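Computed from a predicted model, the values in this text were never measured in an experiment.
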Amino acid sequence: MRPGSFEDMHPIDRAASWVFRLGPSTRAVFRDGWGDETLLAALDAADRRTHAPEISIDWGPERHENGLIIKDGSFPSPADHLPAASRLAEVRMIAPEVADGRLVVMMAAWNDHGFSTRSVLAAQLARYGVTTVMLENPYYGSRRVGQDPPIRTVADFAVMGRAAVVEGWALTAHFAEDNQVGVAGYSMGGNIAALVGALANHPTAIAALAASHSPAPVWLDGVIRNVIDWDALGGPGAAARLRREFSKATVLAIEPRPHTAAAI
């Protein structure tokens with residue numbers, strides 16, 4: 001690692017330092033193993049539906065804060081296999097007082113519970129006239145199933161990822177009727193944003209930041225592999241199977257629409 005204080009480190013070195021300072025009991029992603037084998041099929045990137053599912057959002061009252069319009073809403077998730085606590089999708093909209101017709105659906109990064117982190121960026125986008133809609137991922141925040149950590153098996157991860165893609169796809173289609181829409185995300189959120197944008201049936205701006213084409217390189221080719229509970233998955237030899245499973249969730253499996261040529 002580069003010398004210097006933790007705050008001065010390159011972000012990659014900072015992540016490595018954080019991982020290796022964890023004790024054995026906290027290096028426990030997928031601590032309950034593979035989970036329900038039948039649900040691993042949710043990792044397949046291609047969706048059998050040819051169009052996004054339709055949704056109707058139940059919006060709460062608007063609040064006005066620091067020149068922003070903020071409101072929360074919910075809709076029944078059109079995704080399959082979700083636990084009961086996650087079946088109502090929660091969203092938050094942050095809009096400028098005068099919007100210009102541009103709207104971005106911002107997906108959650110790994111372990112991004114609630115809306116506070118993304119709200120900082122949403123407030124900045126509002127200064128440029130852009131409205132942001134943030135989705136609370138299944139298993140996270142208000143949709144948490146009660147277990148800690150919320151993602152305990154590979155099947156949990158598969159169901160969460162598939163549901164986030166389906167819900168994000170539905171949201172972009174819903175708002176495309178009256179807006180120029182985009183989808184964005186960072187890290188895991190970037191991978192999900194890429195999948196949502198690739199599936200979109202209408203012109204969709206895509207900003208997939210710090211993202212891989214699938215979860216496989218992120219979990220298996222870098223320092224993050226050290227937080228996986230390999231014993232729960234059957235030992236180090238499980239890495240080959242996990243790569244095969246995660247490689248199913250690749251945006252490369254989706255026939256690209258013309259608008260994907262402009263993705264960032």
Q: Hey, can you pull the donor-acceptor pairs under 3.5 Å for the side chains in residues 252-264, sequence neighbours left out?
A:
from   : atom 1 : to     : atom 2 : distance (Å)
Arg257 : NE     : Ala198 : O      : 3.4
Arg257 : NE     : Ala200 : O      : 3.1
Arg257 : NH2    : Leu199 : O      : 3.0
His259 : ND1    : His202 : O      : 3.4
His259 : NE2    : Gly197 : O      : 2.8
Thr260 : OG1    : Arg257 : O      : 2.6

Q: Is a donor on one side and an acceptor on the other found under 3.5 Å between the side chain of Asn191 and the backbone of His213?
A: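 It does hold such a pair.
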Q: Does Thr250 use its side chain to pair, donor to acceptor, with the backbone of Ser247 at less than 3.5 Å?
A: no
Q: Taking the six-membered ring for Trp, is the centroid-to-centroid distance between Phe246 and Phe157 below 6.0 Å?
A: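 Phe246 vs Phe157: aromatic centres under 6.0 Å.
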Q: If I compare all heavy atoms of Ala193 with all of Ala207, which pair ends up nearest, and what's the gap?
A: CB-O, 4.5 Å
Q: Determine all donor-acceptor pairs shorter than 3.5 Å in which one atom belongs to a side chain in residues 174-184; sequence neighbours excluded.
A:
from   : atom 1 : to     : atom 2 : distance (Å)
His174 : ND1    : Ile55  : O      : 3.4
Asn179 : ND2    : Phe175 : O      : 3.0

Q: Is a donor on one side and an acceptor on the other found under 3.5 Å between the side chain of Asp229 and the backbone of Gly33?
A: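 Judged by distance alone, no pair lies under 3.5 Å.
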Q: To the nearest 0.5 Å, what is the distance between CE (Met160) and CG (Leu39)?
A: 14.0 Å
Q: Please examine the side chains of Val91 and Asp72, heavy atoms only from C-beta on, and report whether any two atoms are closer than 4.5 Å.
A: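 With C-beta onward as the side chain, the pair stays apart.
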Q: I want to check something: taking the side chain as every heavy atom from C-beta on, are Ile151 and Phe30 in contact at a cut-off of under 4.5 Å?
A: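 Side chain of Ile151 against side chain of Phe30, heavy atoms only: contact under 4.5 Å found.
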Q: Under the criterion salt bridge (charged side-chain N to carboxylate O under 4.0 Å, His left out), I'd like the reasoning laid out for Arg144 against Asp148: C-alpha separation, chi angles, the key distance, then a yes or no.
A: CA-CA 9 Å; Arg144 194 182 182 100; Asp148 188 27; 3.0 Å; yes
Q: Which heavy atom in Ala194 sits nearest to a heavy atom in Ala208, and how many Å separate them?
A: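 Shortest heavy-atom separation between Ala194 and Ala208 comes out as CB-CB, 4.1 Å.
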Q: I'd like to know if the side chain of Glu65 and the backbone of Ile70 have a donor-acceptor N/O pair within less than 3.5 Å.
A: no
Q: Just wondering, more than 12 heavy atoms not from Arg63 lying within 6.0 Å of its CZ?
A: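 It does: Arg63 CZ has more than 12 such atoms within range.
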Q: For Val227 and Trp219, run side-chain contact (heavy atoms from CB on, under 4.5 Å): C-alpha distance rounded to whole Å, both residues' side-chain angles, the deciding distance at 0.1 Å, then the answer.
A: CA-CA 9 Å; Val227 303; Trp219 285 99; 4.1 Å; yes
Q: Keeping the roles fixed (side chain from Ser86, backbone from Arg143), state whether a donor-acceptor pair exists under 3.5 Å.
A: yes
Q: For Glu167 and Ser77, which I'm curious about, is there any donor-acceptor pair between the side chains at under 3.5 Å?
A: yes
Q: Considering only NZ, NE, NH1 and NH2 on the basic side and carboxylate oxygens on the acidic side, decide whether Arg162 and Asp80 come within less than 4.0 Å.
A: no
Q: Please say yes or no: joined through hydrophobic side-chain contacts below 4.5 Å, possibly via intermediate residues, are Met134 and Leu88 part of one cluster?
A: no
Q: Determine whether a donor-acceptor pair (N or O, by modelled atom type, separation under 3.5 Å) exists between the side chain of Trp230 and the backbone of Arg225.
A: yes
Q: For residues 104-122, dump all side-chain donor-acceptor pairs below 3.5 Å to protein atoms at least two apart in sequence or in another chain.
A:
from   : atom 1 : to     : atom 2 : distance (Å)
Asn111 : OD1    : His113 : NE2    : 3.1
Asp112 : OD2    : Arg118 : NE     : 3.2
His113 : ND1    : Gly141 : N      : 2.9
Arg118 : NH1    : Met106 : O      : 2.8
Arg118 : NH1    : Leu135 : O      : 3.0
Arg118 : NH2    : Gly114 : O      : 3.2
Arg118 : NH2    : Leu135 : O      : 3.1
Ser119 : OG     : Phe115 : O      : 2.6

Q: Under the side-chain contact (heavy atoms from CB on, under 4.5 Å) rule, what do Met93 and Thr131 come out as? Steps first, then yes or no, please.
A: CA-CA 7 Å; Met93 175 183 284; Thr131 296; 3.7 Å; yes
Q: Who pairs with Phe75 by ring pair (Phe, Tyr, Trp, His ring centres under 6.0 Å), at least two apart in sequence or on another chain?
A: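 Here no residue qualifies.
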Q: Ser214: which residues meet the side chain to side chain donor-acceptor pair (under 3.5 Å) condition with it, sequence neighbours left out?
A: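 Ser214: no side chain to side chain donor-acceptor pair (under 3.5 Å) contacts found.
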Q: Report all side-chain donor-acceptor pairs from residues 96-103 shorter than 3.5 Å, counting only partners two or more places apart or in another chain.
A:
from   : atom 1 : to     : atom 2 : distance (Å)
Glu97  : OE2    : His64  : ND1    : 3.3
Asp100 : OD1    : Arg102 : N      : 3.1
Asp100 : OD1    : Arg102 : NE     : 3.3
Asp100 : OD2    : Arg102 : NE     : 2.9
Asp100 : OD2    : Arg102 : NH2    : 2.7
Arg102 : NH2    : Tyr128 : O      : 2.6

Q: If you round to the nearest 0.5 Å, how far is CD1 of Ile94 from CD of Gln124?
A: 11.0 Å
Q: Go through the steps to decide whether Val145 and Asp156 satisfy the test side-chain contact (heavy atoms from CB on, under 4.5 Å), and finish with yes or no.
A: CA-CA 11 Å; Val145 295; Asp156 289 341; over 6 Å; no
